[in-house]
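Values below: every heavy atom of this structure, side chains too, minus hydrogens, waters and symmetry copies. Keep in mind that this is a model prediction, so the values were computed, not measured.
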Amino acid sequence: MKHVFIIGSRGLPAKYGGFETFVAELVANQNSSEITYHVACLSDAEHQTHFDYQGVDCFTIKAPKLGPARVIAYDMMAIDYSLKVIKEQQIESSIFYILGNTIGAFISHYANKIHKVGGQLYVNPDGLEWKRSKWAKPVQAYLKYAEKCMANRADLIISDNVAIEDYIKTSYPAAKTTFIAYGTDVKPSSLSHDSEQVRSTFEKWGIKENHYYLIVGRFVPENNYETAIREFMASDSQRNLVIICNHDGNAYLEQLKAKTHFDRDKRVKFVGTVYDKEFLAYIRENAFAYIHGHEVGGTNPGLLEALAHTNLNLILDVDFNKSVAGPSGFYWNKQSGNLTKLINDADKGIDYSNYGNRAKNIIRDRYTWDKIVGEYEDLFLHES
């Protein structure tokens, strides 16, 4: 029996982002009975507990609230507790799969402990977290150093994007790496044009099917909202631009308003967040086009979802995105007028269903959760 300790997500059941969804899908699609998963779950509860979730041993960790450093404390405490479980249960074959590089500066100490109990240390570096503009320069410097430490001490680096793996190989030649993609759901939405939720929400937003461009993602500068909005506003499109993100109370919204004056353009609609997966799938399926501006990170879940559901995808031209979407979309850069021209050309009414079919084939061939989970199970059982 192989025991896999997953550390670095907020835990199960999934309520947040990409790492949490990954853990949930890994569990939900498990095929092998030779693997036991143990998942750390961030909690504010006073007492530490274990609970079963779909056959997984979940354990809670109450990490001190230290601002950005809380995630470092959380990872440390989760590793220490996992080592305690291994000792108490006399587990002989274990893998520590750490999601993210945050703990990197302290990993040497923990790698020694993991190896001492016969365990292996695997790391998913996520994207290039140190490049994110939300971090102050000292934090960026720490994260870059943490990335280096993780790459040099991990037994295996698992990248979910081939461009990230190439970056790791180039930056840290001694690191052992492999590639396993992120996954997505390929099922179409169960909602229809006449569903009450669809009609009431579309009426509230002032939109209709096939008459809007769509942006979905974290509301941060490196996702290039400013460029996308400015370029759309400069276009001749009669369609709307629907932006689904966590903009409420975010200072970045006021910065964007000052820079672009999007509030003077009735086509630009910030509509808040949508957590209903069926409804979000319907929104994607009925968008005229999706605009993807993410440039920092690995395989972005939002891009996979767009490829699975939207015919026309306008994608920022960076290696991380091109390695995923390939020839299934149209690419833009941040040069003034580039995306505007792409939007004006798209609006000419060409049938883009062939591009949609191409994108869906890429998803079916490379990014289904069944395929991803199968590759992980094979790795966990046979690599170490």
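Hydrophobic clustering places L256 together with L339 (ILVMFWY residues linked when any side-chain heavy atoms are closer than 4.5 Å, directly or through intermediates). With hydrophobic clusters built from ILVMFWY side chains whose heavy atoms lie under 4.5 angstrom apart, L253 does not share a cluster with V271. Note: the hydrophobic cluster containing L66 does not contain M76 (ILVMFWY, side chain heavy atoms under 4.5 Å, direct or indirect links). Residues L241 and M233 share a single hydrophobic cluster, defined by chaining ILVMFWY side chains whose heavy atoms lie under 4.5 Å apart. Side-chain heavy atoms closer than 4.5 Å link hydrophobic residues (I, L, V, M, F, W, Y) into clusters, and following such links, even through other members, never connects Y367 to L280.
Proximity of I363 to L304: side-chain heavy atoms (C-beta onward) are separated by under 4.5 Å at one or more points. You'll find the side chain of W332 stays beyond 4.5 Å of the side chain of I343, heavy atoms only. For the pair N101 and L143, the minimum side-chain heavy-atom distance is 4.5 Å or more. The shortest side-chain heavy-atom distance between M1 and S93 does not fall under the 4.5 Å cut-off. Residues Y172 and Y167 meet the side-chain proximity criterion, which asks for heavy atoms closer than 4.5 Å. The side-chain heavy atoms of R10 and C41, taken from C-beta on, include no pair separated by under 4.5 Å. F262 has its side chain out of reach of F232: every pair of non-hydrogen atoms, C-beta onward, lies at least 4.5 Å apart. With contacts defined as side-chain heavy-atom distances shorter than 4.5 Å, the pair K259/R230 qualifies.
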**Message:** One pair to check against ring pair (Phe, Tyr, Trp, His ring centres under 6.0 Å): Y213 and Y290. What are the steps and the verdict?
**Reply:** CA-CA 6 Å; Y213 287 78; Y290 178 75; over 10 Å; no
ask   = Step by step, would you call I6 with L99 a side-chain contact (heavy atoms from CB on, under 4.5 Å)?
value = CA-CA 8 Å; I6 300 178; L99 307 176; 3.9 Å; yes
ask   = Yes or no on salt bridge (Lys or Arg N to Asp or Glu O under 4.0 Å) for E305 and R284, after CA distance, side-chain angles and deciding distance?
value = CA-CA 8 Å; E305 290 163 7; R284 291 184 183 281; 2.9 Å; yes
CA sep, side-chain torsions, deciding dist, call: F202, Y282, side-chain contact (heavy atoms from CB on, under 4.5 Å): CA-CA 11 Å; F202 274 35; Y282 183 89; 4.0 Å; yes
- [ ] Show the numbers, then the answer: is there a side-chain hydrogen bond (donor to acceptor under 3.5 Å, both in side chains) between S353 and D351?
- [x] CA-CA 6 Å; S353 58; D351 181 4; 3.0 Å; yes
For a side-chain contact (heavy atoms from CB on, under 4.5 Å) check, start with the C-alpha distance between C245 and V216, then their side-chain angles and the critical distance, and finish with the verdict.
CA-CA 6 Å; C245 65; V216 183; over 6 Å; no
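Counting heavy-atom neighbours within 6.0 Å of D319 CG, excluding the residue itself, gives a total of 12 or less. With a 6.0 Å radius and a threshold of 12 heavy atoms from other residues, nucleotides or ligands, K148 has its NZ atom at or below the threshold. Applying the 6.0 Å contact sphere to CZ of F51 captures more than 12 heavy atoms from other residues, nucleotides or ligands. Heavy atoms of other residues, nucleotides or ligands lying less than 6.0 angstrom from CD of Q48 number more than 12.
A side-chain N or O of H115 and one of D155 form a donor-acceptor pair less than 3.5 Å apart. When only modelled atom types and interatomic distance are considered, N361 and R364 share a side-chain donor-acceptor pair under 3.5 Å. Remark: the Q30 side chain and the Y37 side chain contain no N/O donor-acceptor pair separated by less than 3.5 Å. In the model, N161 has no side-chain atom that pairs as donor or acceptor with a side-chain atom of S159 under 3.5 Å. Under 3.5 Å, the side chains of S237 and D347 contain a donor-acceptor pair of N or O atoms. Using modelled atom types and a 3.5 Å distance limit, the side chains of N112 and R153 yield a donor-acceptor pair. When only modelled atom types and interatomic distance are considered, E20 and S9 share no side-chain donor-acceptor pair under 3.5 Å.
Note on ring orientation: taking the six-membered ring where Trp is involved, the planes of Y352 and F288 are perpendicular (angle over 60°, cut-offs 30° and 60°). Ring planes of Y182 and F22: tilted class, angle from 30 to 60°.
For the pair N300 (side chain) and L303 (backbone), a donor-acceptor distance under 3.5 Å is present. Q197 places no side-chain N or O within 3.5 Å of a backbone atom of F279 that could act as its donor or acceptor partner. Between the side chain of D52 and the main chain of D57, no donor-acceptor pair closer than 3.5 Å is present. Between the side chain of D160 and the main chain of T299, a donor-acceptor pair closer than 3.5 Å is present. Of the possible donor and acceptor atoms, none in the side chain of T201 sits under 3.5 Å from a partner among the backbone N and O of V198. In this structure a side-chain-to-backbone donor-acceptor pair under 3.5 Å is present from S323 to F320. A distance-only check finds no donor-acceptor pair linking the side chain of Y355 to the backbone of N313 [under 3.5 Å].
Taking 4.0 Å as the cut-off between side-chain N and carboxylate O, K334 and E295 count as a salt-bridged pair. The pair E226-K257 does not meet the salt-bridge criterion, since no charged nitrogen lies less than 4.0 angstrom from a carboxylate oxygen. Look at K84 and D80 and you find no salt bridge, because none of the NZ, NE, NH1 or NH2 atoms lies under 4.0 Å from a carboxylate O. Salt-bridge check for E165 with K169: passed, with a basic side-chain N closer than 4.0 Å to an acidic carboxylate O. Under a 4.0 Å N-O distance rule, the pair R70/D44 qualifies as a salt bridge.
Looking at residues two or more places apart in sequence or on another chain, you find a ring pair (Phe, Tyr, Trp, His ring centres under 6.0 Å) between Y225 and F219. Residues passing the ring pair (Phe, Tyr, Trp, His ring centres under 6.0 Å) test with Y142, sequence neighbours excluded: none. The ring pair (Phe, Tyr, Trp, His ring centres under 6.0 Å) search around H309 returns none, not counting sequence neighbours. Taking the ring pair (Phe, Tyr, Trp, His ring centres under 6.0 Å) definition, one finds that Y110 meets it with nothing, sequence neighbours left out. Residues forming a side chain to side chain donor-acceptor pair (under 3.5 Å) with K62 (at least two apart in sequence, or on another chain): E46.
Geometric assessment of R239 against the ring of Y212 yields a negative cation-pi assignment under the 6.0 Å and 45° thresholds. For the pair K322 and Y331, the cation-pi criterion (under 6.0 Å, within 45° of the ring axis) is fulfilled.
If you take NE2 on H261 and CD1 on I229, they are separated by 12.5 Å, rounding to the nearest 0.5 Å. In this structure, CZ in R366 is found 10.5 Å from CG in L307, a value given to the nearest 0.5 Å. Here I95 contributes atom CD1 and L381 contributes atom CG; the two are 8.0 Å apart, rounded to the nearest 0.5 Å.
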Would you list the atom pairs, donor with acceptor, under 3.5 Å between side chains in residues 371-379 and any protein atom, with sequence neighbours excluded?
{"unit_1": "K371", "atom_1": "NZ", "unit_2": "E375", "atom_2": "OE2", "d": "2.5"}
{"unit_1": "Y376", "atom_1": "OH", "unit_2": "Y97", "atom_2": "OH", "d": "2.7"}
{"unit_1": "E377", "atom_1": "OE1", "unit_2": "S32", "atom_2": "N", "d": "3.1"}
{"unit_1": "E377", "atom_1": "OE2", "unit_2": "N31", "atom_2": "N", "d": "2.8"}
{"unit_1": "E377", "atom_1": "OE2", "unit_2": "S32", "atom_2": "N", "d": "3.4"}
{"unit_1": "D378", "atom_1": "OD1", "unit_2": "H382", "atom_2": "ND1", "d": "2.8"}

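Among all heavy-atom pairs drawn from V123 and G100, the shortest one is CG1-O, 4.1 Å.
For H50 and Y81, the ring centers sit closer than 6.0 Å to each other.
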